[in-house]
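First comes the structure, then the notes that go with it.
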Amino acid sequence: MSALPTGPPPQIAGQDETHARVRALLSAATAALLEEQSGLLGFEDHRPQRDRSSGVSWHGLETFCHVSALLASSGAPGRADAGAARLLGAADAVATAFGMRRRSESDAHGICGATWTDGTGDLLEVIVGVRVAVRAVSAPFLPGSLRPVGSTSPPSPISPLTPPPRRLR
């Protein structure tokens, strides 16, 4: 009898798959928010996206996490009829459809927000204040891609490549 695990080794997502997953989540979330309140007008990048070290390794290889651009609405959210609660409800429906569960919520000084996470570690954050802000952070992934991938919000320039994974000592 062997003490080694049976079955395939656990897998970790690659850069391309991770960027695509984050783009799909943000596209669905911003579309639901715009459908809920068309007065938001649209979402623009206010901070650039980046891949940064996740602080963990996988089989001795450094992993990264993708921090999406901070997307902020062009228009202000509606204040009447529990507008913020309805926006968070729309985001909750999208998060639930993506297999996420609510992790936290806050409501202070006229700003409310919530975060959702899934079993892999992906995170979605929505903040409703003077504007509506949306951001996602991915679960750890192995960096390196053979092709550049677009920003987490269309339209935007092509993002730089994340360096290939390296061995940690």
Side-chain angles (χ1 to χ4, degrees), residues 13-55 63-141 143 145 147-162:
Q15 178 178 335
D16 295 337
E17 175 188 337
T18 299
H19 284 215
R21 190 175 67 245
V22 168
R23 275 194 312 277
L25 175 60
L26 288 175
S27 292
T30 55
L33 293 167
L34 289 169
E35 186 175 316
E36 181 60 42
Q37 288 188 19
S38 60
L40 296 176
L41 304 177
F43 286 87
E44 301 171 0
D45 291 5
H46 278 267
R47 289 197 187 137
Q49 68 173 343
R50 65 194 181 283
D51 289 339
R52 62 176 172 83
S53 177
S54 68
T63 61
F64 281 66
C65 63
H66 181 68
V67 180
S68 77
L70 177 65
L71 305 177
S73 64
S74 300
R79 297 286 179 203
D81 300 329
R86 289 193 354 249
L87 285 168
L88 291 178
D92 189 66
V94 168
T96 300
F98 275 78
M100 303 177 108
R101 66 188 182 327
R102 190 168 296 211
R103 184 180 98 168
S104 67
E105 54 189 275
S106 62
D107 188 356
H109 309 291
I111 299 172
C112 62
T115 60
W116 295 264
T117 190
D118 66 12
T120 66
D122 286 348
L123 175 86
L124 174 66
E125 180 177 23
V126 177
I127 299 170
V128 181
V130 175
R131 299 277 187 253
V132 176
V134 182
R135 175 177 61 175
V137 179
S138 77
F141 67 91
S145 174
R147 64 185 189 283
V149 290
S151 172
T152 53
S153 64
S156 66
I158 299 298
S159 68
L161 295 177
T162 302

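The distance from the CG atom of Leu26 to the CZ atom of Phe43 is 10.0 Å, given to the nearest 0.5 Å. For the atom pair CG (Leu40) and CG (Leu33), the distance works out to 6.5 Å, reported to the nearest 0.5 Å. For the atom pair CZ (Phe64) and OG (Ser53), the distance works out to 6.0 Å, reported to the nearest 0.5 Å. Here His19 contributes atom NE2 and Ser138 contributes atom OG; the two are 7.0 Å apart, rounded to the nearest 0.5 Å. Separation of atoms SG (Cys65) and CG (Asp51) is listed at 8.0 Å; rounding is to 0.5 Å. We find the CG-CG distance between Asp92 and Leu87 to be 12.5 Å, quoted to the nearest 0.5 Å.
Between Ser68 and Val22, the shortest heavy-atom contact is CB-CG1, 4.0 Å. Of all heavy-atom pairs between Leu34 and Gly42, the closest is CD2-N, 3.6 Å.
For Thr115, the side chain to side chain donor-acceptor pair (under 3.5 Å) test picks out Ser104, with sequence neighbours left out.
Of the options Glu105, Met100, Arg103, a side-chain contact (heavy atoms from CB on, under 4.5 Å) to Trp116 is made by Met100 and by none of the others.
With hydrogens and angles ignored, the 3.5 Å screen pairs a side-chain donor or acceptor of Gln37 with a backbone N or O of Gly78. The backbone N or O of Ala93 lies less than 3.5 Å from no partner atom in the side chain of Thr96, so there is not a single donor-acceptor pair.
Salt-bridge annotation for Arg21 and Asp122: present, with a side-chain N of the basic residue lying under 4.0 Å from a carboxylate O of the acidic one.
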Only pairs under 3.5 Å count here: list side-chain donor-acceptor contacts from residues 127-136, not counting sequence neighbours, and write none if there are none.
residue : atom : partner : partner atom : Å
Arg135  : NE   : Glu125  : OE1          : 3.2
Arg135  : NH2  : Glu125  : OE1          : 2.5

- Message: Working note: Val67 + Arg52, criterion side chain to side chain contact (heavy atoms under 4.5 Å, CB included); need CA distance, chi angles, decisive distance, verdict.
- Response: CA-CA 7 Å; Val67 180; Arg52 62 176 172 83; 3.4 Å; yes
- Verify side chain to side chain contact (heavy atoms under 4.5 Å, CB included) between Leu70 and Asp45, making sure each step is shown before the conclusion. CA-CA 6 Å; Leu70 177 65; Asp45 291 5; over 6 Å; no
- Message: Run the side chain to side chain contact (heavy atoms under 4.5 Å, CB included) test on Phe141 and Glu17 for me, step by step, so that the C-alpha distance in whole Å, both residues' side-chain angles and the decisive distance to 0.1 Å come before the verdict.
- Response: CA-CA 9 Å; Phe141 67 91; Glu17 175 188 337; over 6 Å; no
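Using a 4.5 Å heavy-atom cutoff, the side chains of Asp118 and Arg101 are not in contact.
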